[in-house]
Amino acid sequence: MPETLILPDLDIMDAAALKAMVRAQHAHSKIQREQLDSRASEIAHLKLLLDKLQRMLFGAKSEKLVRQVAQLELQLEELETSRGEEEVSLPLPLREPIEQKPRTSSRSLPEHLPREVETHRPETNCCPGCGGTLREFGEDVSEVLEYVPESFKVLRHVRPKFSCGRCETVVEAPAPSRPIARSYAGPGLLAHVLVAKYCDHTPLNRQSEIYAREGVDLDRSTLAGWVGAAAALLDPLVEAVRHHVRAATRLHADGTPVPVLAPGHGRTKTGRLWTYVRDGRPCADPVPPAVWFAFSPDRRGEHPQTHLKSFRGTLQADAYAGFHPLYEGERIFEAACWAHTRRKFHDILAATESATAAEAIRRIGELYAVEKQVRGSPPEIRLAARQTRARPTMEDLRRWFELTLQNLSAKSDMAGAIRYALTRWTALTRYLDDGTIEIDNNAAERALRVVALGRKNYLFAGSNRGGERAAAIYSLLGTAKLNGINPERYLRYVLTHIADHPINRIAELLPWNLPSTHTTGITTDA
């Protein structure tokens, strides 16, 4: 039992005794507070240490195992996707159905899904051989699993069979073509799978789980086969986008790293996705905008040099050294990016609250104020505004840079940011003399956002071929967005028609050539 504390009789205590007692109690309370603070610190330290030890004991092995499983799943998905892509190039009799599970009847698709029946009758009601009257004696039925926004349905194709009463000739409407031969995937479903994977960053194994909640069993291998086959089908259209982009006289270019799983090593290497954007909307250019992505297994400069070997005009890009050989000679002219330059001062301001950095940002902001007023105007209007308003501001900015640099340490971050601008001054000011050139390279940076978001979910690409496939699909999705078209709606239309479309007229399936009933959708910024 704790000892009982007896309070002295305060009425008989003199002032000195009372003061001594108060001092003693205060000293005791101070010791108690110090002890409590010390114990609280010890508790926090022990919690932190315990959490660290638990992660060491369980987390490290668990995280390593999870990553290994993810890598193996990605490798398997990549192999299955590549198989589906390669199947498309085989003659039809040699192809294997992408859906590996046996389907013994039309009832193999989930019975709970709504059915929509389309009946396909012969174009003529008489025998094409002898002209006799046709009588119906049966029908062929096939089913396609289709997807409409947020729901599945089964599209049942019915083709009544007719026989001639005179010569017994059997007459039947031809079977409607499918995006993927011998597959029950409808164009809407294929479009949804592609957009979910490459636009909404949902890996195929997660999609499989989502579809299972709707009572539809689509395993990852089936989805992977569809993605590969659809990508092969879309290749000619991607080539048309590439041709359209490289035919421009002004391009935005940028690149971003993409981890790629190294086969057989269980670890990743760094590949790169390059983007090339043709977008003349800011200068009222009526030519439709487009973006073309290209994948490379590394970031060597030979890749953009190969991509742009036939390009002539102005290239707006960052200061990546691999672009520099392109500017040698008179074929390609460099236009630098003021947003990239401004970002260096912004980083300094955020870290140090430097008044000099704030002043640099204010002065650059005056250049952007001019651009805001003439965005979307014809080149001659933009040029006039830049010559009369932006050029004097630019000249003042250069003088300020040079004077400020004299008072800074050569090794300071601020000096480095100013030197970055001054050494690229010709490229940074090129837009002043050409109303078609932009002040920055934001068009390319916007195009790469989808890659940055996808990188967080995917962690890495499954192979070099997987990177090339992603670049192709990103090209179509990005081009649809630039033209204000819902990318899923666009792919649904394309996959509905491309199998029967003449290859020499593939450009008719580019986003800006679609019928007007299919061009409503999202609105994007210029």
Side-chain angles (χ1 to χ4, degrees), residues 84-99 106 109 116-124 128 139-148 153-162 170-195 222 225-244 469 472-473 475-477 479-480 483 485-519 521:
E85 187 175 24
E86 293 163 0
E87 279 281 338
V88 176
S89 61
L90 291 175
L92 188 58
L94 299 180
R95 300 184 195 177
E96 293 183 3
I98 290 174
E99 300 83 18
S106 61
L109 292 176
E116 181 177 311
V117 178
E118 287 189 7
T119 301
H120 307 271
R121 297 184 176 276
E123 296 181 355
T124 178
E139 62 185 20
D140 280 333
V141 178
S142 62
E143 290 188 338
V144 169
L145 182 63
E146 188 55 291
Y147 181 86
V148 292
K153 68 178 181 181
V154 175
L155 185 59
R156 173 170 288 182
H157 294 284
V158 177
R159 294 182 295 137
K161 294 182 178 181
F162 297 87
V170 174
V171 179
E172 185 180 21
S177 63
R178 305 186 183 195
I180 304 174
R182 303 177 64 186
S183 169
Y184 59 82
L189 176 57
L190 290 174
H192 180 73
V193 171
L194 289 171
V195 170
T222 294
W226 289 350
V227 169
L233 194 64
L234 294 169
D235 268 347
L237 193 56
V238 177
E239 178 62 19
V241 170
R242 183 184 70 88
H243 179 77
H244 177 79
R469 188 182 303 111
I473 303 301
S475 298
L476 296 182
L477 298 178
T479 298
N483 287 273
I485 300 176
N486 182 302
E488 186 169 334
R489 186 176 302 169
Y490 171 63
L491 283 186
R492 185 187 304 124
Y493 177 87
V494 168
L495 290 168
T496 300
H497 297 87
I498 194 169
D500 299 322
H501 199 84
I503 190 66
N504 61 345
R505 291 164 41 202
I506 195 67
E508 294 175 359
L509 296 181
L510 290 168
W512 51 88
N513 289 329
L514 264 60
S516 58
T517 54
H518 295 272
T519 56

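The first residue of the sequence shown is numbered 1, and numbering continues consecutively from there. Quick caveat: nothing in here was measured; it's all calculated off a predicted structure.
For the pair Leu189/Trp226, a side-chain contact is recorded, criterion being any heavy-atom separation below 4.5 Å from C-beta on. No side-chain heavy atom of Thr479 sits under 4.5 Å from any side-chain heavy atom of His244. Contact of the Leu194 side chain with the Leu234 side chain is registered, since non-hydrogen atoms from C-beta on lie closer than 4.5 Å.
In this structure, Leu495 CG and Ile180 CD1 are separated by 8.0 Å, a value rounded to the nearest 0.5 Å. Annotation: the span from Arg156 atom CZ to Thr119 atom OG1 amounts to 10.5 Å, rounded to 0.5 Å. Taking OH of Tyr493 as the reference point, atom CD1 of Ile498 lies at 11.5 Å (rounded to 0.5 Å). The CG atom of Leu109 sits 5.5 Å away from the CG atom of Leu145 when rounded to the nearest 0.5 Å. Atom-to-atom distance recorded for Leu190:CG and Glu488:CD is 11.0 Å, nearest 0.5 angstrom. The NE2 atom of His243 lies 13.5 Å from the CD1 atom of Ile506; values are rounded to the nearest 0.5 Å.
With hydrogens and angles disregarded, no donor-acceptor distance shorter than 3.5 Å links the side chain of Arg159 to the backbone of Asp140. Glu146 places a side-chain N or O within donor-acceptor distance of the main-chain N or O of Gly188, the cut-off being under 3.5 Å. Between the side chain of His497 and the backbone N or O of His501, no donor-acceptor pair lies under 3.5 Å.
Taking both residues in full, the closest heavy atoms of Pro128 and Val171 are given as CD-CG2, 3.4 Å, listed atom of the first, atom of the second, then distance. The two residues Ala185 and Val144 make their nearest non-hydrogen contact at C-CG1, 3.9 Å. Between Glu508 and Asn513 the shortest heavy-atom distance is O-CB, 3.3 Å. Closest non-hydrogen pair, Glu172 versus Pro160, comes out as CG-O, 3.8 Å. Shortest non-hydrogen contact noted between Ala480 and Pro487 is CB-CA, 4.1 Å.
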